[in-house]
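Have a look at the structure below, then the notes.
All heavy atoms count here, side chains included; hydrogens, waters and symmetry mates do not. Here the structure is a predicted model, which is why all the values come from computation and not from measurement.
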Amino acid sequence: MENYDGLQRTFSTEYTSILRQRVKQGKIENYLQEVFPVEKENNHVYRLQQQMHHNVILDPEKTDFENAKLFFDAYKDLSPMIASEEAFWTYMAHVEHFEYVKKRWKIGETTSPESIIDHFFVTSMIKIARNGLARLWWPMYMTYDEKNVNDPYHLSKILYLYTDTMQMLSESSLFSCCNLIHAILHFFEINTDIPKENWLQINRYIIRYYNSVGGVRKLIYLDEKYFEAELQRNKDLLVSLPSRKTGVKVPLRWNI
């Protein structure tokens with residue numbers, strides 16, 4: 001879909017709901033085509049005033065981090081308000097980056113409607129990083145470290161190293177607490193002796209602890225250094241956590 005005036009487009013909320021409902025009904029044939037057929041007889045597509053369109057070519061053969069950096073670099077001017085709208089990400093996944101999302105998530109005749117909804121739509125903010133394009137922008141936005149002039153993406157690299165860890169953090173209620181997320185990623189960045197296969201259970205335990213603390217303290221007001229010190233103080237405890245495969249339920253402990 002051409003963009004002659006330089007302004008970014010988005011779907012209407014109504015059309016987004018129509019497309020989602022069709023998928024829920026099992027009508028996925030349009031997702032098997034080379035180009036998604038957007039009905040042109042109605043005003044389903046709108047211009048976003050003051051939001052410039054950017055030509056970005058994403059490559060499903062590249063890593064998620066490589067594509068995320070390319071996408072975020074182009075859309076740094078995207079406001080969190082627009083980035084919170086399902087219609088915007090639905091448009092991006094169906095129109096501008098339809099081929100990328102299809103190939104990245106291997107969409108085919110056997111793909112379930114649930115998988116299409118996950119990657120082409122946004123059902124809730126807590127699942128926004130499941131969308132094929134939102135997952136390239138939101139994690140980068142939350143981890144971009146402007147204080148590090150040499151490599152503002154150093155924390156983003158850590159986040160994208162392990163997809164399960166990224167999904168767990170992004171779907172946690174704590175993901176809006178930037179200082180905590182930065183501290184967790186920095187913890188893994190400096191403690192290179194911790195095997196990546198342990199990250200998931202460590203993250204799960206950290207989130208469990210801070211969710212309990214969040215009920216009595218406003219975590220958003222605590223700075224990054226505070227969290228970094230707490231995590232480092234509890235490194236031995238975190239490293240010693242048994243794998244979930246053992247079935248052992250670990251009681252919540254923390255060295256304050």
Next on the checklist: Donor-acceptor pair, distance only, cut-off 3.5 Å: does the side chain of Asn148 make one with the backbone of Asp151?
Outcome noted: yes
Item to check | Backbone N/O of Ala83 and side chain of Trp138: donor-acceptor pair under 3.5 Å | outcome: yes
Checklist entry - Roughly how far, to the nearest 0.5 Å, is the OH atom of Tyr209 from the CG atom of Leu174? => result 12.0 Å
Checklist entry - Do NZ/NE/NH1/NH2 and the carboxylate oxygens of Lys225 and Glu228 come within less than 4.0 Å? => result yes
Checklist entry - Is a salt bridge present between Glu171 and Arg130, judged by a nitrogen-to-oxygen distance below 4.0 Å? => result yes
Next on the checklist: Taking atom OH as the centre, does Tyr144 end up with more than 12 heavy-atom neighbours from other residues, nucleotides or ligands that are less than 6.0 angstrom away?
Outcome noted: yes
Checklist entry - So, the side chain of His44 versus the backbone of Tyr15: is there a donor-acceptor pair under 3.5 Å, distance only? => result no
Checklist entry - Would you find a donor on one side and an acceptor on the other, under 3.5 Å apart, between the side chain of Asn131 and the backbone of Ala134? => result yes
Item to check | Asp118 vs Trp105 side-chain heavy atoms within contact, under 4.5 Å | outcome: no
Checklist entry - Taking the six-membered ring for Trp, are the ring centroids of Trp254 and Tyr210 within less than 6.0 Å of each other? => result yes
Checklist outcome for this item: From the list Phe36, Trp89, Tyr100, ring pair (Phe, Tyr, Trp, His ring centres under 6.0 Å) partner of His94 resolves to Phe36
Next on the checklist: Looking at Tyr91, is its backbone amide N or carbonyl O close enough to the side chain of Arg9 to form a donor-acceptor pair, meaning the two atoms are under 3.5 Å apart?
Outcome noted: no
Checklist entry - If you draw a 6.0 Å radius around NZ in Lys127, do more than 12 non-hydrogen atoms from other residues or ligands fall strictly inside? => result no
Next on the checklist: Side-chain heavy atoms under 4.5 Å apart, restricted to Ile/Leu/Val/Met/Phe/Trp/Tyr: what other residues fall into the cluster of Tyr221, or is it alone?
Outcome noted: Ile220
Item to check | More than 12 heavy atoms of other groups within 6.0 Å of Ile57 CD1 | outcome: no
Checklist entry - Should we say atom CD of Glu34 is surrounded by more than 12 heavy atoms from elsewhere, each under 6.0 Å from it? => result no
Next on the checklist: So which atom in Phe175 and which in Met142 form the shortest heavy-atom distance, rounded to 0.1 Å?
Outcome noted: O-CE, 2.7 Å
Checklist entry - Are any side-chain N or O atoms of Ser84 and backbone N or O atoms of Pro80, one a donor and one an acceptor, separated by less than 3.5 Å? => result yes
Checklist entry - Between Glu39 and Arg22, is there a side-chain N and carboxylate O pair less than 4.0 Å apart? => result yes
Item to check | Main-chain N/O of Lys147 paired with Asp145 side-chain donor or acceptor, under 3.5 Å | outcome: yes
Checklist entry - Donor-acceptor pair, Tyr205 side chain versus Arg253 backbone, under 3.5 Å? => result yes
Checklist entry - Pairs in or reaching into residues 58-75: which pass side-chain hydrogen bond (donor to acceptor under 3.5 Å, both in side chains), with residues at least two apart or in two chains? => result Gln8-Tyr75, Thr63-Glu66, Asp64-Arg104, Asp64-Arg135, Lys69-Asp73, Asp73-Tyr153
Checklist entry - Heavy-atom distance under 4.5 Å between the side chains of Phe120 and Lys102, does that happen here? => result yes
Checklist entry - Going by distance alone, is a donor N or O of one side chain under 3.5 Å from an acceptor N or O of the other, for Gln33 and Asn30? => result yes
Checklist entry - Can you find a heavy atom in the side chain of Tyr226 that is under 4.5 Å from one in the side chain of Asn179? => result no
Item to check | Where Glu86 and Val122 come nearest, the two heavy atoms and their spacing | outcome: CD-O, 3.0 Å
Next on the checklist: Checking Ser12 against Asn43: is there a side-chain donor and acceptor pair closer than 3.5 Å?
Outcome noted: no
Item to check | Exercise: identify the closest heavy-atom pair between Asn211 and Ser173 | outcome: OD1-OG, 3.1 Å
Next on the checklist: Closer than 3.5 angstrom, by distance alone: can the side chain of Gln201 be matched with the main-chain N or O of Leu241 as a donor-acceptor pair?
Outcome noted: yes
Item to check | Flag if over 12 foreign heavy atoms under 6.0 Å of CZ, Arg47 | outcome: no
Item to check | Donor-acceptor contact below 3.5 Å, side chain His186 vs main chain His182 | outcome: no
